Enquirer: 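Here it is: the structure, laid out below.
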Amino acid sequence: MDRYNIDKIVQFCENYPDHKKLFFPCDMNDDKFCFSTIKKYISGLEMYDWTKHSLIESLSLFYHADGGIGARLHFLLPLKLYGKPIVAIPYADKINKLIIKK
């Protein structure tokens, strides 16, 4: 993860100082390894292991969230559908087409 995106995440979290911060690794093989890096910059960051929750529980998490920042489509799309404020870190064209709509 590059410094630009880490700064973007830190800045997003600064907008929600009194909120619980959760790291949602969509891909448990790749994404979970970013947690230790991001945790150095976000105090109190916790990992949400979706493999230990039902789909309804995870969708409820998105529904009750105040916002989110992420790169994965299957993270950003539920937040967008629920009308939550999001910041996309586009890594793939599908993010631009479906989330950002450039």
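Side chains are part of it too, since the values below use all heavy atoms of this structure and drop only hydrogens, waters and symmetry mates. What you see is a predicted model, and the numbers here were worked out from it, not measured in a lab.
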Enquirer: How many angstroms lie between atom CD1 of I86 and atom CG of L79, to the nearest 0.5 angstrom?
Expert: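 Reported value, rounded in 0.5 Å steps: 6.5 Å.
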Enquirer: Just how far is it from atom CZ of F33 to atom CG of D27, taken to the nearest 0.5 Å?
Expert: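 Result: 9.5 Å between the selected atoms.
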Enquirer: Please answer whether the main-chain N or O of I100 pairs with a side-chain N or O of K80 as donor and acceptor at a distance below 3.5 Å.
Expert: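 Answer holds: no.
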Enquirer: Could you state the interatomic distance from CD1 (I56) to CG (L61), rounded to the nearest 0.5 Å?
Expert: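 Between I56 CD1 and L61 CG, I get 13.0 Å after rounding to 0.5 Å.
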Enquirer: Test: salt bridge (charged side-chain N to carboxylate O under 4.0 Å, His left out). Region: residues 53-77. Which pairs qualify, not counting sequence neighbours?
Expert: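 Listed by first then second residue: D31-R72.
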Enquirer: Residues two or more places apart in sequence or in another chain: which of them pass side-chain hydrogen bond (donor to acceptor under 3.5 Å, both in side chains) with S36?
Expert: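 With sequence neighbours excluded, S36 shows a side-chain hydrogen bond (donor to acceptor under 3.5 Å, both in side chains) to no residue whatsoever.
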Enquirer: Can you sort out the partners of D2 under salt bridge (Lys or Arg N to Asp or Glu O under 4.0 Å), two or more places apart, ordered by chain and number?
Expert: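 If we apply the salt bridge (Lys or Arg N to Asp or Glu O under 4.0 Å) test to D2, skipping adjacent residues, there are no hits.
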Enquirer: With sequence neighbours excluded, what pairs up with F35 under the side chain to side chain contact (heavy atoms under 4.5 Å, CB included) test?
Expert: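 Testing F35 for side chain to side chain contact (heavy atoms under 4.5 Å, CB included), a comparison that skips the adjacent residues, returns F23, K39, L45, M47.
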Enquirer: Under the rule for side chain to side chain contact (heavy atoms under 4.5 Å, CB included), what residues qualify as partners of I6, not counting sequence neighbours?
Expert: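 Expected list: M1, R3, V10, T37, Y41.
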Enquirer: Applying salt bridge (charged side-chain N to carboxylate O under 4.0 Å, His left out) as the test, list every pair that has at least one member in residues 13-23; sequence neighbours left out.
Expert: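 Residue pairs passing salt bridge (charged side-chain N to carboxylate O under 4.0 Å, His left out), neighbours aside: K20-E46.
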Enquirer: Return the set of residues passing salt bridge (Lys or Arg N to Asp or Glu O under 4.0 Å) with K40 (not counting sequence neighbours), or none when no residue passes.
Expert: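 Salt bridge (Lys or Arg N to Asp or Glu O under 4.0 Å) list for K40, sorted by chain: empty.
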Enquirer: With the 4.5 Å side-chain cut-off for hydrophobic clustering, are I95 and Y82 part of the same group?
Expert: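 Yes, it is one cluster - the side chains of I95 and Y82 are joined through contacts under 4.5 Å.
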Enquirer: How would you list, by chain and number, every residue that makes a side chain to side chain contact (heavy atoms under 4.5 Å, CB included) with T51, sequence neighbours excluded?
Expert: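 Expected list: M28, D49.
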Enquirer: Where is the tightest heavy-atom contact between P78 and F75, given as atom of each residue plus distance?
Expert: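 Minimum heavy-atom contact is CD-O, 3.3 Å.
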Enquirer: L76 and G70: which non-hydrogen atoms are nearest, and at how many Å?
Expert: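 That closest heavy-atom pairing would be CD1-O, 3.4 Å.
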Enquirer: Using the side chain to side chain contact (heavy atoms under 4.5 Å, CB included) criterion, which residues pair with F12? Sequence neighbours excluded.
Expert: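 Residues passing side chain to side chain contact (heavy atoms under 4.5 Å, CB included) with F12: Y16, I69, V87.
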Enquirer: Which heavy atom of K8 sits nearest to which heavy atom of P90, and what is that distance?
Expert: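 Smallest interatomic distance, heavy atoms only, reads NZ-CD, 4.4 Å.
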Enquirer: Could you list all the salt bridge (charged side-chain N to carboxylate O under 4.0 Å, His left out) pairs where at least one residue sits in residues 86-95, not counting sequence neighbours?
Expert: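 Passing the test, one end in residues 86-95: D93-K97.
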Enquirer: Sequence neighbours left out, what passes ring pair (Phe, Tyr, Trp, His ring centres under 6.0 Å) with Y48? Give chain and number order.
Expert: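 With sequence neighbours excluded, Y48 shows a ring pair (Phe, Tyr, Trp, His ring centres under 6.0 Å) to F24, H53, given in chain and number order.
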Enquirer: Can you confirm whether Y63 is buried at OH, in the sense that more than 12 heavy atoms of other residues, nucleotides or ligands lie under 6.0 Å from that atom?
Expert: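 Open: at most 12 neighbouring heavy atoms sit under 6.0 Å from OH of Y63.
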